[in-house]
Structure formats: C-alpha cells, structure tokens
Novice: 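Below is one structure. I have some questions about it.
Keep in mind that the numbers below use all heavy atoms, side chains included, and drop hydrogens, waters and symmetry copies. Protein chains get the first letters and strands the later ones, always in sequence-line order, with residue 1 at the start of each.
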There are 2 protein chains.
Amino acid sequence: MAGRQGVNPALERAGAMIRTISPNRASFGRCSACTVRSLSICGVLDQADLAEFERIARHIHLAPNEALFTAGQVAQSVHSLTAGIARLYKLLPDGRRQVIGFALPGDFLGTAPSDRYSFSADAIDSVTVCRLSREAFTHFIEERPHFLIRINEFAARELMLAQEQMLLLGRRTAEEKVASFLIGWRERLAQIGDERQTIALPMSRQDIADYLGLTIETVSRTLTRFEREKMLIIVAGGVRLLDASRAAAMAAA
Amino acid sequence: MAGRQGVNPALERAGAMIRTISPNRASFGRCSACTVRSLSICGVLDQADLAEFERIARHIHLAPNEALFTAGQVAQSVHSLTAGIARLYKLLPDGRRQVIGFALPGDFLGTAPSDRYSFSADAIDSVTVCRLSREAFTHFIEERPHFLIRINEFAARELMLAQEQMLLLGRRTAEEKVASFLIGWRERLAQIGDERQTIALPMSRQDIADYLGLTIETVSRTLTRFEREKMLIIVAGGVRLLDASRAAAMAAA
DNA sequence: CGGCCAGTTTGATCTGGATCAATCAGCGGA
DNA sequence: TCCGCTGATTGATCCAGATCAAACTGGCCG
C-alpha cells in the first residue's frame, strides 16, 4: 500500500512506445456487415440510419499498444470498438496508473461530459474501431431519439460496472479482487460470444494489477496460488478455470 | 488492508435502525418554485413540461438515516434530490461497505441498466426528493428528446466522477485520499452555491472512510495530522481549510 | 543454435494502514 | 448537574500486500 505502487519502468517504456494516432487506413468494411452490430450502439439502427452512420464513420485499425486517444486531448471523436481489446486508464502525475476498464468489441467510448478526454485508451492487441467526429455524432443523435436511448443504456451499464469496481477497489482483498476479475472477465467474454473453456487474458499482468489496484507481484502470486490449489491452470495467454464455483464464491464474498 | 475492514458494529446498528420507506408526507411544493431546478435534470424543462413533470412526481421527505431505496429491491422509482444529502453505497455479504457517492441537491438517482437497484441510498441529514415511477418517467422521457439529452449529460458526469474515484481508490495513499476528498467535496458544495469558508461534512467519519476505502481510524488520524500541520482546523460538522493550496497539491499528486 | 529482452514468477523484507483497545467529547434526557 | 450513549480520537500492535531483488521463460533475431 505504499504511495508509489503502480509506477514502474516497464510502463514508462510502454508509454514512450505508444505512437500518437497514425494516418490509419480507413477501410471500407460496411456497417451492414459489422459482426458486432447487434452488441454495439448501432444495434438499434435500421438500414437507412445505418447508411447515414456509415457516411459519418471512419473504420480505423490500430496496432497493439497504439493509442486511440489520450487524457487531456481535445475530444474530437467518439469510438465504437469493433474488434480487439483496449485498455482505458488514468495516470497520476508521478506515473501511478489506474486501469478503469477494458473495452471489448461492441463497447462504446464517447460518454463524456467534457470536451477533453478524461482518460486515455490504447489498443492491447490489434484493434478496429469506428471513429466519428463528436460534432457529426451529436447531430446524428439529435435526430434519432431511439438511438439516444441506446447510448443512455450503454452509459448506465458503464456506470454500474464502475460502481461495482469501486466496491472491488475499496473493500475487497487481493484474493477476492483476482477471483472477481476472472469471473467478471469470463462473463464479459461470454457476452460477446467467446465461451471457450479457457479464459483469454490478452492484457499483461501489469494491466491486471493496475485494474485491480494491486502490484504485478501480488497478481502473479495470487494466480500461482490459485493454480497450486487446483482452482485453475495458467496457460499461455490466459487461464483455464477448473473450479469455477470456488472462484465465483471468492468473487461474491 | 485486511479482509474485513469496513465491517463494524456501529454500522450494523445503523443498518437495523434504517426504516423501510415510511408513508411519507407528499408535499405540494411546486416544481416551478424548486430552488435547485436549474441544477437538476429539470433545468431544461419549460413551463408546460414542468407542469407535466409535477403531475407525475411526488415530493417526499426523509428523516436522517431513512432509506430512499435498497440494493436488490425492484427499482420502481427514480429520484431527483432537492434538499439534503444522501449516501449511496454497496455492501458485501459480510457487511463490508463501499460508499460509491454522496448525492447533493440537484443530483439525479435513476440511471440504471437493470430493473433492480444496484446500490442502496439513504438520507444523511433531512432529505427531500422528487420521486417518479420508473414507468411514468420513461414515458415522460420518450416524448422529450432534449430531456433525454439532459439525463445523458448527468449520466456522463456521474461516470466521470466514478472513474476519478477508481483512480483514488486504486492508486492514492490515505493522505492523498483524504485531501482529494476535501477538495472534491468543497468543489461540489461550491457548485450548489455553498461557498462558506468552512467545508461542511454532514456525513460521519465512517461514511468518509467507506467512501475512501479506509478505516475510520485512518481518516481520523489523517485529519488530526492535517490539523497539527496547520492545513486545516477541525470544527463541529466540518473543517476549515487554512492552506487550500497545500491540500490541492496533495489531492493532485 | 545462442543470446538478448520483455514479461513473469518467486523469494526476502519492509511498512502503510488495519486491527485491537482504550479514552475522550458532545449531547439529550432524568 | 450527572449519566449514558454515540461517534471521534488516540495509542499499541499486527499483517496483507508493497517493495526490493533475483531468477526464470519464451519468442525473436543474427
């Protein structure tokens, strides 16, 4: 619990590595063929709406660790994630980092009360997003109340997740944090259709630690202990849950 | 950082004391005379809208520690706080508590993705709210897109506060937490027009501790130290900031 | 195939904040 | 005025998780 937990050289290196938004290729993947449309904010748009949405959206690809946007920048765009996983985080001036969430395909990044981004987002693996100018997006919304309702539902869901995370960060033990994370992450993967036995963990241990308010060592030790206790097996790129009910019990209490 | 921090007998007593919603007096305070209307979701309603809003709203008074609603209950109502201060919190099965926010006059409690309350809310001091049935509220919204935009702005603000709080809970030291809380609370009080030199703290030390992910002893000790260091003076019902810039510096870093 | 390098794991030690345990202070009621 | 109760403060001690410090692992490049 010391003051500078979360500051580490690896992170600073990573930070330096992250390029600002490059002149990405804008692809012509059509919204009507979007594989996550029903999960995304676009799930309530009809063909006509979708055509108009497509007109104002750009499809962007980002390489691993490339930034979608950075806290403090003027918020010119909103994003809807269509592939890959992004990490959303805030930094303290001395480099301590809090990951406030992981964005999955279908997630919307654009609910913000200010004209500047209040957090940073970058690609964990290879990511694709639909990027819309805030202005065009605002205009698009104004004429489509049902779409606004959808946006609102997404914001409400985000808010509930954030409140759950506050409970985790403030009142759960390290063991409970890790178990909750695994159960919650599995749940979210299942919602986007990924229901393999093995829980994929594309983010680094440092990302997990910064999400749970722990150090990388504590995350690693806790996972190792779970493995020793036969609750799971650590595999390349994830974990395989052997005793899901025990994990769920830890996560609940 | 032990597992059961936040569980305490005083809380259990308080919990038992909190009555379920009593047959409160519904007053006739008219919305057009509402002192916090411009701050609240109603700030964008015109006279006609307001009359309709009034028709579907009930004005409710709650005594200190009385519950507005409880996590897990079917969410029948939404609320707009018009006077007093409420604490919003989540509990773990063993009684550990996380205060996820304090609601001030003008705040809206109703952004939720589920048909059950995901957190509990109760009055800290004497509280007045406008209570609307979810159903009527949803209907009211559907016909008023500009109002929905307002609701959305409120949700976005809530979300940003929640993200800021995640950073605090996950990565700040006890000292930084307390300083951040004081600065942030003063800010919020100022926004509703309370700009006295002394920062009013109507909530208990336990509430503050549960908001910051600390114990009551740590909050108390930290405030005492701040006083010893002449950063502030502890007074009945609040603190007087002597060195706001030092507090702000602590809160920032 | 070997050497590097980034990320991860493991071990030893330390410490910030929790826990346990008394006071202390303010207030309402007799 | 005194008593009892509730919440706050203060002190002593403890320990979960941080910090410091090595290994270890796997992938990539020459």
Novice: Measure the distance from CD1 on B/Ile208 to P on D/dA8 and round it to the nearest whole Å.
Specialist: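 Going from B/Ile208 (CD1) to D/dA8 (P), I get 8 Å.
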Novice: Kindly assign one of parallel, tilted or perpendicular to the pair A/Phe102 and A/Trp185, based on the angle between their ring planes and the thresholds 30° and 60°.
Specialist: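 Perpendicular: the ring planes of A/Phe102 and A/Trp185 meet at over 60°.
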Novice: Which nucleotide, D/dT9, C/dT9, C/dA18, lies nearest any side-chain atom of B/Thr215?
Specialist: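 Output: C/dA18.
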Novice: With sequence neighbours left out, what residues match B/Gln165 under side-chain contact (heavy atoms from CB on, under 4.5 Å)?
Specialist: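 side-chain contact (heavy atoms from CB on, under 4.5 Å) check on B/Gln165 returns A/Met166, B/Leu168, B/Leu169, B/Tyr211, B/Leu212.
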Novice: When the distance from CE of B/Met203 to P of D/dG7 is rounded to whole Å, what number comes out?
Specialist: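 In whole Å, D/dG7 P and B/Met203 CE are 15 Å from each other.
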Novice: Tell me the interatomic distance from B/Arg171, atom CZ, to D/dG17, atom C1', rounded to whole angstroms.
Specialist: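 In whole Å, D/dG17 C1' lies 12 Å from B/Arg171 CZ.
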Novice: Take atom CD of B/Glu217 and atom C1' of D/dG11, then tell me their distance rounded to the nearest Å.
Specialist: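 My rounded result for the distance is 11 Å.
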Novice: Show me the donor-acceptor pairs within less than 3.5 Å that the side chains of residues 236-253 of chain A make with the rest of the protein, sequence neighbours left out.
Specialist:
residue	atom	partner	partner atom	Å
A/Arg240	NH1	A/Gln197	OE1	2.8
A/Arg240	NH2	A/Thr198	OG1	3.3
A/Asp243	OD1	A/Ser245	OG	3.0
A/Asp243	OD1	A/Arg246	N	3.1
A/Arg246	NH2	A/Glu229	OE1	2.7

Novice: Atom CD1 of A/Ile234 to atom C1' of C/dT10: distance rounded to whole Å?
Specialist: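 Rounded to the whole Å, the gap is 12 Å.
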Novice: What nucleotide among D/dT19, D/dG11, C/dG17 has an atom nearest to a side-chain atom of B/Arg221?
Specialist: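 Nearest to the side-chain atoms of B/Arg221, counting from C-beta on, is D/dG11.
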Novice: For B/Arg205 and D/dT9, is the shortest distance between a side-chain N/O and OP1 or OP2 below 4.0 Å?
Specialist: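 Yes, B/Arg205 has a side-chain N/O under 4.0 Å of OP1/OP2 on D/dT9.
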Novice: Starting the side chain at C-beta, find the nucleotide from D/dA8, C/dA18, C/dG11 nearest to B/Ile216.
Specialist: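 Nearest to the side chain of B/Ile216 among the choices is D/dA8.
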Novice: Taking NZ, NE, NH1 and NH2 as the nitrogens, is one of them in A/Glu217 or A/Arg205 under 4.0 Å from a carboxylate oxygen of the other?
Specialist: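 Looking at A/Arg205 together with A/Glu217, the answer is no, because their closest N to O distance does not fall below 4.0 Å.
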Novice: Could you tell me the separation between the CG atom of A/Asn65 and the P atom of C/dA6, rounded to a whole number of Å?
Specialist: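 After rounding, the gap between these two atoms is 13 Å.
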Novice: What's the closest nucleotide to the side chain of B/Thr224 if the choices are D/dG17, D/dT9, D/dT19?
Specialist: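 Of the options given, the side chain of B/Thr224 lies nearest D/dT9.
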Novice: State whether B/Arg225 and B/Glu175 are salt-bridged, where the test is any N-O pair (Lys NZ or Arg NE/NH1/NH2 against Asp/Glu carboxylate O) under 4.0 Å.
Specialist: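 Judged by the 4.0 Å cut-off on N to carboxylate O distance, B/Arg225 and B/Glu175 do form a salt bridge.
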Novice: With heavy atoms under 4.0 Å as the rule, sort B/Ser220 into base, sugar-phosphate or nothing.
Specialist: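 Base, at least one base atom sits under 4.0 Å.
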Novice: Nearest nucleotide by nearest heavy atom, which residue falls closer to the 5' end of DNA chain D, A/Thr218 or B/Ser204?
Specialist: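 Final value for this comparison: B/Ser204.
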Novice: Please report the distance, rounded to the nearest Å, between CD in B/Gln206 and C1' in D/dA8.
Specialist: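 From B/Gln206 CD to D/dA8 C1': 11 Å.
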Novice: Round to the nearest Å and state the distance from A/Arg172 atom CZ to C/dA18 atom P.
Specialist: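 Taking CZ of A/Arg172 and P of C/dA18, I get 18 Å after rounding.
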